[in-house]
Amino acid sequence: MPTITFEDYKKAIKAKYEEEKNGEYSNNLNSPTSANLRNLCVKRFDSNNDKDDLITFKSFFDFPFDKDKKNQFGDDELNKLEAVKRFFLGRTENPAEDTIQLAAILVDLRPRPFKEFQKQLDPDEIKLIEELRDTKHYKNEISSLTLIDEVETENFHDSKNKEVEQEENQDLEKIPAGIFTPIKKGGEGGINSGLKRSLIIAAFLLGLTLIVYLNMSQKDCMQWMGDHYEKIERSDDGYCNTYYDARYFDLKKIEVCNTTEFFDDSGRAKVWYIKIGNSIECYNQHAPYPENTQRFLKPITQHIIDRYLSNRPKCN
C-alpha cells in the first residue's frame, strides 16, 4: 500500500486552496490577510461540530471556539494567522503542524485531519478489497488494511511457489534428451519436490516467528519523564502507550534564561513553546506536546518572548 506522507497532505491543501480561491469564499482567500482568514475561520467554525476540527482550533489559538464570543480574535490571534497566510502564499518552508491542520479546515479539504487523510485508498486497492470480499477469506470484521495485507501475503506465497517450480524445471532442462533419470524418494542425495516446498514454508514461518519475537521483546516504546523521553519495553500484552519515534525522542523541556538563543542566524526559531494557562513551557524542537499529543509545540516568536519571557532569570 502506498505510504501517504505529510508532504502529500500539504500539497493537497495547497491544491485545494487554488481551487477555493475561485469558490464561495474567494473574497477571503484571494487576498489571505490575517483579517480575511479570521473572518473565514469564523464562517467555517460557526456551525462546525467536528471533534477533530475543534481540537485543531483550540491547539492553534489556545482557547476553544465559542460562536457567542467571536470577539476573542485579538492582535495575538491575527499574528498567529500570519503563519497560515505565509503557507498559502508559499512563503514558508517548514510550517508548524497545527498551522497545516488549520489551513486544511479553512479550504475544507477532505478527508482531514492528516490521520484520516492517510487512510484514503487508491482505486486499485479498493478493487482488491472488493475482490477479496467475494472469497472465503472475507469476514465482516476484517478492516481494509487487513485485507490489503492478505493480498500481499497471497502474492508472496504465489511468487515463492513459482520460484520453486522454476528451479525444478531448470533441473530437468539440464538432463540430456533420451536419458531416463528416476527421482529419488528419500535416501541419500534425493528429495522430492513436496518435501522441498514444505521445508521452504517451514523456514519462512520460522523466520517470521523470530522477527515477531524480536519485535515484541525490543524496547520500542518511549515514556515522557517530565523533561525528556526514555525508551522502555512494551507492556505484558505487547503494546505501548507511546511508540518510539526517532523524530521526537530527543525532545527536551528547557528552562530559558537571559542568554538563551531563541533564533538562528537566518531568523528561524530554535525554541518551541506551548501555552499552559497564563504561562508558557519551552522545548528544544518541534513535536507533539508530550502531556497531550493532540496539541503541538509552536515555534517561538518575538511577540511571545516579549509577552511571557521578558523577566526571564539570569543564567547560572
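We count residues from 1, following the sequence as given. Hydrogens, waters and symmetry mates are skipped; everything else that's a heavy atom, side chains included, is used.
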ring-ring contact (aromatic ring centres under 6.0 Å, His included) against F45, all qualifying residues, sequence neighbours excluded: F57, F65
Please find the pair of heavy atoms, one from [X] and one from [Y], that lie closest to each other, and give the distance.
| X | Y | result |
| --- | --- | --- |
| D62 | R295 | OD1-NH2, 3.2 Å |
| P64 | K58 | N-CG, 4.1 Å |
| R112 | N48 | NH2-ND2, 4.2 Å |
| E82 | S34 | OE2-OG, 2.7 Å |
| S310 | D306 | CB-O, 3.4 Å |
| I276 | Y289 | CD1-OH, 3.7 Å |

Membership question, hydrophobic clusters at under 4.5 Å side-chain separation (ILVMFWY): are [Y] and [X] in the same one?
| X | Y | answer |
| --- | --- | --- |
| I55 | I13 | no |
| L89 | I105 | yes |
| W272 | F263 | no |
| F63 | V84 | yes |
| V271 | Y308 | yes |

Between NZ of K10 and CZ of F117, what distance do you get to the nearest 0.5 Å? 12.5 Å
Rounded at 0.5 Å granularity, tell me how far OG1 in T301 sits from CZ in F262. 10.5 Å
Criterion salt bridge (Lys or Arg N to Asp or Glu O under 4.0 Å) on K253 and E281, from CA distance to verdict: CA-CA 7 Å; K253 184 178 179 181; E281 295 178 1; 3.8 Å; yes
Below 4.0 angstrom, N of the basic side chain to O of the carboxylate: do [X] and [Y] qualify?
| X | Y | answer |
| --- | --- | --- |
| D52 | K115 | yes |
| K51 | D53 | no |
| K80 | D75 | no |
| R110 | D50 | no |
| E20 | K14 | no |

Cation-pi check, K231 to Y244: give yes when NZ or CZ is under 6.0 Å from the six-membered ring centre and within 45° of the ring axis, no otherwise. yes
Take F60 and L81, measure what side-chain contact (heavy atoms from CB on, under 4.5 Å) needs, and give me the verdict at the end. CA-CA 9 Å; F60 187 87; L81 286 168; 4.2 Å; yes
Contacts of type side-chain hydrogen bond (donor to acceptor under 3.5 Å, both in side chains), residue W224, not counting sequence neighbours: E291
What pairs of donor and acceptor atoms, side-chain ones from residues 96-104 against any protein atom, are under 3.5 angstrom apart with sequence neighbours left out?
| from | atom 1 | to | atom 2 | distance (Å) |
| --- | --- | --- | --- | --- |
| Q101 | OE1 | Y9 | OH | 3.0 |

[X] vs [Y] side-chain heavy atoms within contact, under 4.5 Å:
| X | Y | value |
| --- | --- | --- |
| Y248 | D245 | yes |
| K270 | Q285 | no |
| V256 | I305 | no |
| L297 | P288 | no |
| K43 | Y25 | yes |
| I232 | M222 | no |
| H228 | L251 | no |
| S26 | K21 | no |

Derivation and outcome, side-chain contact (heavy atoms from CB on, under 4.5 Å), residues L106 and C41: CA-CA 6 Å; L106 294 182; C41 200; 4.0 Å; yes
Give the intermediate values and the outcome of side-chain contact (heavy atoms from CB on, under 4.5 Å) for residues I304 and Y273. CA-CA 9 Å; I304 292 296; Y273 79 97; 3.6 Å; yes
Would you please indicate if the ring centroids of F6 and F114 are separated by under 6.0 Å? yes
Could I get the full list of salt bridge (Lys or Arg N to Asp or Glu O under 4.0 Å) partners for K11, not counting sequence neighbours? none
Using the salt bridge (Lys or Arg N to Asp or Glu O under 4.0 Å) criterion, which residues pair with D250? Sequence neighbours excluded. none
Derivation and outcome, side-chain contact (heavy atoms from CB on, under 4.5 Å), residues H286 and F296: CA-CA 8 Å; H286 172 61; F296 290 86; 4.3 Å; yes
So does [Y] get a backbone contact from the side chain of [X], meaning a donor-acceptor N/O pair under 3.5 Å?
| X | Y | value |
| --- | --- | --- |
| Y17 | L29 | yes |
| K275 | I280 | no |
| N36 | P32 | no |
| R312 | L309 | yes |
| D8 | T5 | yes |

E255 CD: over 12 foreign heavy atoms closer than 6.0 Å: no
E261 atom CD, neighbour heavy-atom count above 12 within 6.0 Å: no
Cluster partners of L78, using ILVMFWY side-chain heavy atoms under 4.5 angstrom, listed by chain and number? none
Flag for N28-N39: side-chain donor and acceptor within less than 3.5 Å: no
